[in-house]
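For reference, positions follow the sequence shown, starting with 1. Atoms within each ligand, like the ligands themselves, are counted from 1 in listed order.
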Amino acid sequence: MDLLLKGGWVVTAERVEQADVAIKGEKIAAVGADLTAEGAVVRDVTGKYIMPGAIDAHVHYQMPIGELMTADDWFTGTRLAACGGVTTVIDYAEPASPAESLTASLNKRLDEAREQACVDYGLHQVVLPGQEEDEAELKAVVDKGVTSFKVFTTYAQRLSLAAIGRLLKIARRLGALVTVHCEDHEIVTAKREELIAAGRTDPAYHALSRPATAEVKAIQDVIALAGEAGAPVYIVHVSTMGGAEAIAAARSKGQQVYGETCPHYLLLTGDKYAGPDSRLYLMCPPLRTAADNESLWRHLAAGALQVVATDHCSYSREQKAAGTAFYNTPSGVPGTETLLPLLYSFGVRNGWLTLPQLVRVLSTNPARLFGLYPRKGSLRPGSDADVVIFDPRRQITLTAANLHSAAGYTVFEGFNLLGYPEATYLRGRLIYDHGRFLGQAGQGRFIPGRV
Ligand SMILES: [Zn+2]
């Protein structure tokens, strides 16, 4: 045994118990009452929670869009993850065009991450139009440990509903999970043209340009396709009450539909677009209403939504300021570092989630859905020793100065939190402690998913 975490409260997907955690090498060795040190380094964690490291299952680090590059790259993105108690992130491999093969884009992405990542990582494979027909390529990706595909119903990358149906059927055969960005392209396009024709192009019109009906319709369409294909499906970044209700309804009929939401959809509203900093809050889908916030919490608490991830896609104030209209302002916000503390303060402390539910939505559920369990998302003996020591009494006011994103701002500026990560261990190594990052570029590893 190398390290003994003594006197804390162990929180897992199932329970909270007072227990010690013993770590040997990169693995959890034992969890139990009054373990003896046997020469190990002992860390007194009395009064703290010991939780499996969080998994941010939806991030975009070092992502080019045209000429523009996100502010956070693989290094700063995974460094800020460590500082927020996130020990695994799942990013995306995306072909530059349908002419680039899936495996080529995947290999390129793995090469970019290898020397830079400070926490462990997995990838989702973006599938572009036409690529959904190539079963051999799709299988090659799964064999390399990428067990989830990502498709869009809007943007240039969009697949037709027929193409999504084809992909769902192949994915079912391969045991892979199709994840979908759901906004109906026709509704979004019509709304955008209407606003442009009326001269309403300011970023303040962002939420109007991508209405809730667009998300709800696309989610309903995709659920119907998945039902027809007999395949599971995962809806990313659900932002609306209607979307959550559609998922809940399908699940209650026994369909395998999974839903993810993000802290900004739980905690912020479209009122932000009326302020002077509207660009800083611009992401797709947009922020909605307080009624949507509450409905998303309710569905998360009820288990109709299974994952909270961040869609971390950061741009600096300068990059954001270059936008002159809702349609040309860089879309995305930073989020990985504040995922766990926000969900604790506003989920657990406000009574929406129990501590085991917190671990489920931030760690165990994404690990299971993306083929990483029980290596990740668990504190059982044999699991990777990815551990967060969480101090439920630490008070902090979120502000850019105490966060680590190269974006230089947070959409949660001024939020008062009670409870914050104190330390983060990645496979037994201390990578964050009391506000200090102690990790290194290149120590994060690709964790292949298994179907
Ligand atoms: Zn995204």
Side-chain angles (χ1 to χ4, degrees), residues 54-66 68-74 76-78 80-81 86 88-96 105-106 109 112-113 121-128 146 148-159 164 177-185 188 206 210 214-215 218-219 222 233-240 243 258-266 268 280-288 296 305-315 319-320 329-339 361-362 366 369-370 405 407 411:
I55 297 173
D56 190 346
H58 189 157
V59 304
H60 304 277
Y61 303 148
Q62 204 166 317
M63 184 179 74
I65 289 197
L68 203 66
M69 181 62 89
T70 51
D72 287 306
D73 56 19
W74 274 105
T76 64
T78 52
L80 66 87
V86 173
T88 302
V89 296
I90 312 183
D91 204 299
Y92 293 81
E94 177 165 355
S105 72
L106 174 53
R109 201 70 176 137
E112 285 172 9
Y121 53 96
L123 292 170
H124 308 287
Q125 177 68 54
V126 175
V127 177
L128 297 178
V146 172
S148 46
F149 303 125
K150 165 81 173 285
V151 295
F152 298 83
T153 61
T154 188
Y155 302 131
Q157 301 105 310
R158 71 186 176 279
L159 264 60
I164 294 174
L177 181 61
V178 176
T179 75
V180 191
H181 174 126
C182 286
E183 285 181 292
D184 182 81
H185 189 65
V188 168
H206 176 60
R210 311 184 81 86
E215 174 173 288
I219 289 178
V222 165
V233 71
Y234 177 99
I235 314 296
V236 300
H237 52 48
V238 177
S239 67
T240 57
Y258 303 99
E260 164 198 291
T261 189
C262 309
H264 43 268
Y265 300 124
L266 292 165
L268 302 174
L280 301 185
Y281 297 89
L282 194 147
M283 84 288 283
C284 298
L287 300 172
R288 310 290 186 182
L296 293 170
L305 300 172
Q306 295 75 38
V307 174
V308 183
T310 70
D311 200 4
H312 184 111
C313 182
S314 63
Y315 297 100
Q319 288 175 306
K320 285 280 193 178
T329 298
S331 171
V333 297
T336 303
E337 188 169 6
T338 49
L339 171 66
V361 300
L362 294 185
L369 286 164
F370 299 113
S405 172
V411 292

Any sub-3.5 Å donor-acceptor pair from Ser314's side-chain atoms to Val333's backbone N or O? no
Under 3.5 Å, is there a donor-acceptor pair between the Ser105 and Gln125 side chains? yes
Checking only N/O/S atoms, does His60 have one that is under 2.8 Å from the Zn ion (ligand 1)? yes
Under 2.8 Å from the Zn ion (ligand 1), is there any N, O or S atom belonging to Cys313? no
Is the centre of the Tyr281 ring less than 6.0 Å from the centre of the His206 ring? no
Given side chains that start at C-beta, do those of Tyr92 and His58 come closer than 4.5 Å, heavy atoms only? yes
Between the Zn ion (ligand 1) and Asp311, which N, O or S atom of the residue is the nearest one? OD1
